[in-house]
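Only one structure is covered here, and it is reproduced in the block below.
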Number of protein chains: 2
Amino acid sequence: MENQTQNAFRALADPTRRGIVQLLAVQDMTIGQLTDRFDMTRAAVKKHLTVLSDGGLISVEVRGRERINRLEPLGMAPVLDWLSYFDQFWDDRLNSLKEAVEREEK
Amino acid sequence: MENQTQNAFRALADPTRRGIVQLLAVQDMTIGQLTDRFDMTRAAVKKHLTVLSDGGLISVEVRGRERINRLEPLGMAPVLDWLSYFDQFWDDRLNSLKEAVEREEK
DNA sequence: TTAATGTGATACCTAATGGTATCTCATTTG
DNA sequence: CAAATGAGATACCATTAGGTATCACATTAA
């Protein structure tokens, strides 16, 4: 897929997919192992894995008849980059808020 | 809306909405001004603003017949929090990658 | 080599999403 | 006051998304 920023944000927009990301952060897992953790069919989990793969967030290693899914740290980069664009903005605004609250408290 | 993490991630999952966020980071804007910047109707932009509002990313100030939309820095917090959970993971994995590449280069 | 296991692929369904067209309402302005 | 402006609400439409059921295929185990 071509737009990595869009695909990565889209991949993170679903709660099941964020859950998968959290599980894979602990350890690599097959689709079977992942399916055990969610209340849905293997086919549904497979679709989520495809979206995560399109977003560059996971990769798959074929091992015999098993497929080991693993987190790909580089895939998160476009998301972190996009968000970092606002760092200064958030900081400034949050500091303004904080100062305003402190003035209130006097 | 109740699940802020989900609503915020969902709000950021659409390219138009991320564009709106970027515009509002520069300056507050009315829906009319925003609509001028996108190739869609005011009604469509309004829907995006509703999603952004549900995500806690913007707030609206009524001024006469105008509505001023402004970015809400606090709304991004759930997203940044969720992502920060992986900071260590990304760092470790990216360092492993970097070291591997450096070993290759010798 | 037959059976069991792990997985992928496809067809299908429903609900959500992103968009338009249109109508209404409140606030300015001439 | 009348007209123009800025905006919200709703009905409607096509496409996408998330899910299931089912079938097919490769690999491992008996």
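Just so you know, these numbers use all the heavy atoms, side chains as well, and skip hydrogens, waters and symmetry mates. Numbers restart at 1 for each chain; the letters A, B, ... are given by sequence-line order, proteins then strands.
Partners of B:Arg18 by side chain to side chain contact (heavy atoms under 4.5 Å, CB included), not counting sequence neighbours, listed by chain and number: A:Thr5, A:Gln6, A:Phe9, A:Trp82, B:Leu12, B:Pro15. B:Ser59 meets the side-chain hydrogen bond (donor to acceptor under 3.5 Å, both in side chains) test with B:Glu72; sequence neighbours excluded.
Heavy-atom minimum distance, A:Leu52 versus A:Ala11: CD2-CB, 4.0 Å. The minimum heavy-atom distance linking B:Leu57 with B:Ala8 is given by the pair CD1-O, 4.3 Å. Nearest heavy atom pair, residue B:Val21 against residue B:Leu71, reads O-CD2, 3.6 Å.
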Quiz item: Which parts of nucleotides 1-8 of chain C does protein reach within less than 4.0 Å, heavy atoms only, written one letter per nucleotide 5' to 3' as B for base, S for sugar-phosphate only and - for none?
Solution: ---BBSBB
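Regarding contacts with the backbone of C:dT17, every side-chain N or O of B:His48 stays at 4.0 angstrom or more from both OP1 and OP2. Taking 4.0 angstrom as the limit, A:Arg17 places a side-chain polar atom (N or O) nearer than this to OP1 or OP2 of D:dG18. Between C:dT20 and B:Thr41, a contact under 4.0 Å exists linking OP1 or OP2 to a side-chain N or O.
In this structure, NZ of B:Lys47 is placed 10 Å from C1' of D:dC13, rounded to the nearest angstrom. With rounding to whole Å, A:Leu34 atom CG is found 14 Å from D:dG19 atom P. With rounding to whole Å, A:Ile20 atom CD1 is found 12 Å from D:dG18 atom C1'.
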Exercise. Carefully, step by step, assess B:Glu66 and B:Thr30 under the rule side chain to side chain contact (heavy atoms under 4.5 Å, CB included).
Key: CA-CA 7 Å; B:Glu66 294 188 334; B:Thr30 65; 4.2 Å; yes
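Listed by first and then second residue, the salt bridge (Lys or Arg N to Asp or Glu O under 4.0 Å) pairs that reach into residues 55-65 of chain A are A:Glu61-A:Arg63, A:Glu61-A:Arg70, sequence neighbours excluded.
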Donor-acceptor list for residues 37-49 of chain B side chains, cut-off 3.5 Å, not counting sequence neighbours:
from: B:Thr41; atom 1: OG1; to: B:Ala44; atom 2: N; distance (Å): 3.3
from: B:His48; atom 1: ND1; to: B:Arg17; atom 2: NH1; distance (Å): 3.1

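Within residues 8-16 of chain B, the residues that place at least one heavy atom under 4.0 Å from DNA chain C are, in residue-number order, B:Arg10, B:Asp14.
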